[in-house]
Structure formats: C-alpha cells, structure tokens
Novice: 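I'd like to ask some things about the structure below.
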Amino acid sequence: MVDAAVRVNAPTPTEDSPESNLRIDVDAVGEQLMGTWADVRRQAREMIKDPAFWRDDSLGMDEHRERVLTQLHLLVENNAVHRAFPKRFGGEENNGANIAGFEELVAADPSLQIKSGVQWGLFGSAVLQLGTEEHHDKWLPGIMNLSIPGAFAMTEIGHGSDVASVGTTATYDPDTEEFVIHTPFRGATKEFLGNAALHGIAATVFAQLITNGVNHGVHCFYVPLCDDEGNDLPGITREDDGLKGGLNGIDNGRLSFDSVRIPRTNLLNRYGNVAIDGTYTSDIDSPGRRFFTMLGTLVQGRVSLDGAASWASALGLYIAITYATQRRQFAGVDGQETVLLDYGKHQRRLLPRLATTYAQIFAHDEFLQKFDAVFSGTSTSDQDREDLETLAAALKPLSTWHALDTLQECREACGGAGFMFENRFVGLRADLDIYVTFEGDNNVLLQLVGKRLLTDYAKQLKGKDPAALAAFAVGQTAGKVFHGAGLRRLGQAVTDFGSTARSVELGLRAQQQHELLADRVQQMVADIAGRLHGGGKLSPEEAAAVFNENQAQLIEAARAHGELLQWEAFTDAVERTRDDDSRQVLTWLRDLFGLQLIEKHLAWHIINGRLSTQRAAAVSRYIDRLCTRLRPHALDLVNAFGYEPEHVRAPLASGVEQQRQDEAREHYAQQQASGTAPISEKDLKKKKKN
C-alpha cells in the first residue's frame, strides 16, 4: 500500500475570500474529536495496527467466526477488555475509558467490535451490573479471561424490542430450590444471540420470574449451556442463524429451553431476590421501575453503538474525501481535468455529512461523560439515570442511520472503485446495517424519547394555578395566531430587503439557528400534547387510537430533539476551540450542520411562520457558500480524525490515485513538450477553416 501521507494539496483560497490564509490546527482539532478519553482511543488504535486484528475479506463465514474468536483472545492478552470490571479482578472500574476503547475496534472489523461487546459489554456486564459479589467471584474471572464465553439472551423472535413481554419463564420450585427455565412456544425462542451458535458455554437469560404463582416480571438468570466436554446440556437447544447481511464473524444463533433447571442462586438478584421458600423481595417496590432500573444498567450497548457508528462515518468520509481531492474528471476551464471535490455537487454530497459527523462525535463525548458519571457513582439519582437512558435513545438512532446514509453516499461518490470490497465501503455498510435495529430498534427508541418530552412538557404545567394556566393557554393561542398570520415572516421579508447576505446576517447565525431548531421541538411537542390532552377520559382503545394517530409526529419530534442536542454539543466544542483559524472553520462547519437541518424541514418552518420564503430561500444558497468556504479545509478536517494507513486500509485513500493522476498529466505534458502530441479532429477542422 502506498503511504497515506501522499496527498494532493488543498487548493489555495482566493485573496479576497473569507477563508484566505486560514488553516486549522489539525492536531488540536483531532484532540477535541478524540474527546475525554483520547489516551485510551490512541492505545486502542495503536493496538489494532497489528494485522492480526484486521478483517480478512477472503474468509468465508466459518473461518471468519474462528478468526474473530482468536482476536478476542488477543484483546485479553492486550488487557483491552478489563477497564470496566472491578479492580479486585484486575480491572480499572473506568467505564468511560472502556467504551471509548471498545468503539475504536470498528476500524479493525465491526464483527470484532460487536462480538467483544457481546462477551464483555452484555454477557459480562449483566453479571456485573445485575449480580452480587457472590456472582462476581464465581463467574467474572472466567468471563474476563474468556474461559467462559457467553451469550446475552434477551431478544426473542416474537417480541424484539418489547423486552417486558418476553415469553420465556423462570418458575421457582421450592422443593428442589431451583428455577425451571422454559420456552413455552416458538415465539419465545431467544434469537439473534452472539456466541449462541457455537462459542457460548453459558448465557444470561431474561425471563419472567414466577414464584408462588405470582409473576414478578422480567429478571436475569445465569444459565450454563454446556458440560465440561462441550456438549449441550439436557433441555438446551441451539440453532445457527447462518449467513447474515453483515457481521458474519459473529456466531449468531437461537436458544430455547425445555424445562432447564438451574440453582436458585443463579438468579442475578441485585434488584430482586427469591428466598428458599419462594418468597420474593426487592428494594424497588414498583415492578415497572424495577424493570427499567435493571435494563438501565445495560445502556452501555447503545452508548457504544452511537460512538462506533459515528467513527465508522468518519472513516468512510476520510476515504471518500481523500479520493475526491485526487481523482480528476472532465476538462476544466484551464484545459486540465477537474478535481472531484471542486464540483459543487460533490461538495454538497460530502461536506454536510462531514459536518454531521463532527456534530455526532462531539455530542457522543458529552454523552460518554454522562454515562461515566452515572456508572462511576458520581451521579446516582433516578433523574441522572433517566437522562442517560433518554440520551442513549435519542442519539443512537441518529448516528446509526447517519452511518448507513454516509457510507452509501461515500460509496457512490467514489464510483465503481467504491464498490470494490478492498475500499471498505461495502463491508462497512453491510456490517453497520444491523446497528439500526439491535440494542433497540431506532424508531422504538425515538418513541421513548418522545414520551419523555411529553412528560417533561406536562411537568411544566403541573401545579400551576388556574390564572397561570389561562395565561399559558392565551400565550399558546397568541403564538399560533402570530405565526399563522405570517407576521414574523412579513417582518423578515421587509428587513432582508431581498439580500441573501442580509438574510444570513440577520436570521441564520448561531443564535437564530438555535432558536429555529429548539422552537421546532417545542412547538411539535406542544402540538402533540394538545392533541393527546384528555386521553385519560377515553377508553383504552380510544386512547391507543389517538396515540397511534400521533406516533409518527412524536418520533419526528424526538428526532428533532436529538439533532438539537448534537447542534448544541458542536457549538460547545466551537466555543472551547482556542486557535482562531480552527474556531472560524469549525464555526462554518457547525453552521453547515445547523442550516442543513433547517433546510431539511423548510416546509415546516415556512408553514409555521418561523421563516419567510425570502429567508428560507437564503438557507440553501448559504449552504452552497459554506461548502465553497470549507472546500480548502476538507482534507485537514478529515485528517483530524487521526486515522493512519493501518486503520484505513483502502487503496482509494492511499495516495495511489494521486500517483496515477500525476503520471497521466506528466505523460501529456511530455507529449506537448516534445511535439509528439496528436492533434484532435476538432482542432484540425478549425485549422482547415482558417
């Protein structure tokens, strides 16, 4: 592979352009992107320079599975999996660092990232977070050193994201002091489980805990799958899911249980316990709150997917933008072929997605700080945990959807070469595809966010006296009349005087971007709340129908909320930037992110009176201006991601294209200089006419 340092220089800005003489501090911006646990990310990236960690595209499914299992052992040897575990077992009790290092594995092989996540982030974490010291002493050492590979048996083929309704049962038998784990029907089969088809010898199984004839809801149980010789235990049935659309280095499979008996003490009983006589006790009296507390301890899966998807987008953009600054196509005004990224459409394809990726990476670091605070015990309130779960449900959908969109656009932007497996897009796109539906289907997660927004909205009104509520109602009505009458739009049009520059200056800077993004969330939530008001007086069927009518709008409001959080995180990062040139370029990039969000929903902003048609038209034109301003900085912005040739491993971005282009231009230059260049038919005809 040609060294990735062989790159074409960015074009020089014109003297009178606002970007003249600006140059970002690549190292400093890169440090910001690496975030709070930059040192751990660098350690992980240094480790995966070893080709032993790289995806081998020549392998079939069976060989790929065995390679990834071998790589998991390499992670153990490199002490790369112990950061979140207790210090008494050799861990570091550093939850944020654990996730940061784990996310970086996506550049080596997403199958490696996810299988290690299954082993230590799900299976191991279930024992750690839901079990007691007795369970930790018994199983954590083996889980950490991989002598106990395991599956995380939550999902069922018949319920998916609806974990509260799983069909698997765990019925306590006081005569034998055992739980009987049972799959009562096919839809209760545990499905899509990593490590279930081949490698797992145990599983953490989520089942309805039934004792003394009472169902106490979903709890987690440690269930051995094999005997010492590796044979499946009686009552255990496992099936191989076989070839998938991606992540074929993971042995996904199904598990079902035919009255499998386990000791009473295999209940992971941190939040609920069953005594020898079958008496159930819990420090959390509410079954609903107990359920969500247990699931909340496992939120790190969503946290890590948000980060991994964001960095996968970064990797794709690094490849596509590097290539776009080297590849030439079609003759330009100077007779030379034009570099792809000099075309306005190419800039529009890639630079807004680059802006979104920056926003997501900055938002992810703030998210990861919140996660670390909750799991380290420095933020322990129910409100903190609820906020963390809401953040996870808001950000994971946006970053995983963005990764699919970005990798596909990058693939197309590189033409046929982008379709070659060696250039990474095809494999990454296939592997990242499942990220949008596992660890919570994206739409289901956003619905959770929407419900939280409605709850917070209702809290604002709770306890207010009749006069205050009346004033609020009048304000709402006045606001709608004001916007509906177009008065704000009229004021904008008069103020702008037909000038795009004035439109931007007066209405599309940071403060106005924030107002537009925040106002849209607030108005959407208020409108939905108004339509749902009085639902408590309806029958359950009628209330469900009203909610269903508003479900799509609720999910859209939640998505807008997540985008607002990302914009705010990007703005925080801009304000922390000390270097003047870097801050200016990042400001343009942040503006590009904000304005493309506004452009995406221009119809809403116009219909609801937030923007005049004059200023709305200026949004798209200013986005084009921002793309032009950012074009000279595109390479620096992707170089700030910090990827080295061993991480990229894509010939497209290796410098080989620049060598080809230089060779071709040298060839034609020599022909011209030697007088051996053939004359074109078109020029010949012109010559004859003259």
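Because the structure is predicted, anything quoted here is derived from the model rather than measured. Just so it is clear, the values below take in all heavy atoms, side chains as well, and ignore hydrogens, waters and symmetry mates. This chain uses plain numbering: 1 for the first residue, then up along the sequence.
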Novice: Answer yes if the side chains of Gln369 and Asp365 hold a donor-acceptor pair under 3.5 Å, and no otherwise.
Specialist: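 Yes, because at least one side-chain N or O of Gln369 sits under 3.5 Å from a partner of the opposite role on Asp365.
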Novice: Measuring from Glu133:CD to Leu140:CG, what's the distance to the nearest 0.5 Å?
Specialist: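 Here the rounded value is 10.5 Å.
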Novice: Using modelled atom types and a 3.5 Å cut-off, is there a donor and acceptor pairing between side-chain atoms of Asn195 and backbone atoms of Gly200?
Specialist: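 Answer holds: no.
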Novice: Is it true that Thr132 and His135 share a donor-acceptor pair across their side chains at a distance under 3.5 Å?
Specialist: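 Yes, Thr132 and His135 have a side-chain donor paired with an acceptor closer than 3.5 Å.
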Novice: Using the rule ring pair (Phe, Tyr, Trp, His ring centres under 6.0 Å), only one of Phe123, Phe206, Phe192 pairs with Phe152; which is it?
Specialist: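 Of the listed residues Phe123, Phe206, Phe192, the ring pair (Phe, Tyr, Trp, His ring centres under 6.0 Å) partner of Phe152 is Phe206.
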Novice: Could you state the interatomic distance from CD (Glu156) to CZ (Arg186), rounded to the nearest 0.5 Å?
Specialist: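 Reported value, rounded in 0.5 Å steps: 11.5 Å.
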Novice: Run the salt-bridge test on Arg429 and Asp433 with the 4.0 Å N-O cut-off and return the result as yes or no.
Specialist: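 So Arg429 pairs with Asp433 through a salt bridge.
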Novice: Could you tell me whether the side chains of Thr357 and His402 share a donor-acceptor contact shorter than 3.5 Å?
Specialist: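 On atom types as modelled, these side chains qualify, holding a pair under 3.5 Å.
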Novice: If you take the centroid of each ring, where Trp contributes its six-membered ring, are Phe371 and Phe367 closer together than 6.0 Å?
Specialist: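 That pair fails the under 6.0 Å test.
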Novice: Nearest 0.5 Å, please: how far is OG in Ser256 from CD in Glu191?
Specialist: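 Reported value, rounded in 0.5 Å steps: 10.5 Å.
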Novice: Is the count of non-hydrogen atoms from other residues, nucleotides or ligands lying under 6.0 Å from Phe419 atom CZ greater than 12?
Specialist: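 Count not over threshold, so no.
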Novice: Between Asp387 and Arg452 (salt bridge meaning N to carboxylate O under 4.0 Å), is one present in this structure?
Specialist: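 The answer is yes: the pair qualifies as a salt bridge.
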Novice: Decide, yes or no, whether a salt bridge links Asp283 with Arg290 under the criterion of side-chain N to carboxylate O below 4.0 Å.
Specialist: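 Here Asp283 does not pair with Arg290 in a salt bridge, since their nearest N and O are not under 4.0 Å apart.
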Novice: Between atom CH2 of Trp401 and atom OG of Ser313, what is the distance when rounded to the nearest 0.5 Å?
Specialist: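 Trp401 atom CH2 to Ser313 atom OG measures 14.0 Å (nearest 0.5 Å).
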Novice: I need the Leu565 CG to His561 NE2 distance, nearest 0.5 Å.
Specialist: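 It comes to 4.0 Å.
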Novice: Please identify each residue that fulfils salt bridge (Lys or Arg N to Asp or Glu O under 4.0 Å) with Asp57, with sequence neighbours left out.
Specialist: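 Here the qualifying residues are Arg55.
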Novice: If a pair satisfies side chain to side chain donor-acceptor pair (under 3.5 Å) and one of its residues is in residues 72-81, list it, with sequence neighbours excluded.
Specialist: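 Residue pairs passing side chain to side chain donor-acceptor pair (under 3.5 Å), neighbours aside: none found.
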Novice: For the pair Asp382 and Arg289, find out whether any cationic side-chain nitrogen is under 4.0 Å from an anionic carboxylate oxygen.
Specialist: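 Counted as a salt bridge, because a side-chain N and a carboxylate O are separated by less than 4.0 Å.
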Novice: Should Phe641 and Tyr358 be marked as a ring pair (Phe, Tyr, Trp, His ring centres under 6.0 Å) after you check the CA-CA gap, both sets of side-chain angles, and the distance that decides it?
Specialist: CA-CA 9 Å; Phe641 290 138; Tyr358 262 69; 5.5 Å; yes
Novice: Determine yes or no for a side-chain-to-main-chain donor-acceptor pair under 3.5 angstrom, with Ser125 supplying the side chain and Leu298 the backbone.
Specialist: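 Side chain of Ser125 to backbone of Leu298: no pair is present.
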Novice: Got more than 12 heavy atoms from elsewhere within 6.0 Å of CD, Glu412?
Specialist: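 For Glu412, atom CD is crowded (more than 12 foreign heavy atoms under 6.0 Å).
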Novice: Is the shortest distance from a Lys or Arg side-chain nitrogen in Glu422 or Arg649 to a carboxylate oxygen in the other one below 4.0 Å?
Specialist: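 The answer is no: the pair does not qualify as a salt bridge.
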Novice: May I ask you to decide if the ring planes of Tyr643 and Tyr318 are parallel, tilted or perpendicular, using 30° and 60° as cut-offs?
Specialist: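 Perpendicular.
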Novice: Please check if any side-chain donor atom of His364 sits under 3.5 Å from a side-chain acceptor atom of Glu103, or the reverse.
Specialist: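 The answer is yes; a qualifying pair exists.
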Novice: Among Arg41, Gln113, His647, which one satisfies side-chain hydrogen bond (donor to acceptor under 3.5 Å, both in side chains) with Glu104?
Specialist: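 Filter result, single survivor: Arg41.
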Novice: Going by an N to O cut-off under 4.0 Å, is there a salt bridge joining Lys396 and Asp441?
Specialist: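 Result for this pair is no, no salt bridge flagged.
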Novice: Just one of Phe291, Tyr172, Tyr280 clears the ring pair (Phe, Tyr, Trp, His ring centres under 6.0 Å) bar with His219, so which one?
Specialist: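 Only one of Phe291, Tyr172, Tyr280 forms a ring pair (Phe, Tyr, Trp, His ring centres under 6.0 Å) with His219, namely Tyr280.
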Novice: Counting only heavy atoms not in Phe89, do more than 12 fall under 6.0 Å of its CZ?
Specialist: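 Counting other residues, nucleotides and ligands, CZ of Phe89 exceeds 12 neighbours.
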Novice: Any cation-pi pair here, Arg67 with Phe53, using under 6.0 Å and within 45°?
Specialist: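 Negative - Arg67 is either too far from the ring of Phe53 or too far off its axis.
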Novice: Please determine whether a side-chain nitrogen of the Lys or Arg among Glu563 and Lys600 lies less than 4.0 Å from a carboxylate oxygen of the Asp or Glu.
Specialist: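 Yes.
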Novice: Nearest 0.5 angstrom please: Leu432 CG to Gln408 CD, how far?
Specialist: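 It comes to 12.5 Å.
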Novice: Using the side chain to side chain donor-acceptor pair (under 3.5 Å) rule, collect all pairs that involve residues 262-273, keeping only residues at least two apart or in two chains.
Specialist: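 Applying side chain to side chain donor-acceptor pair (under 3.5 Å) to every pair that reaches into residues 262-273, excluding sequence neighbours, yields Asn269-Asn273.
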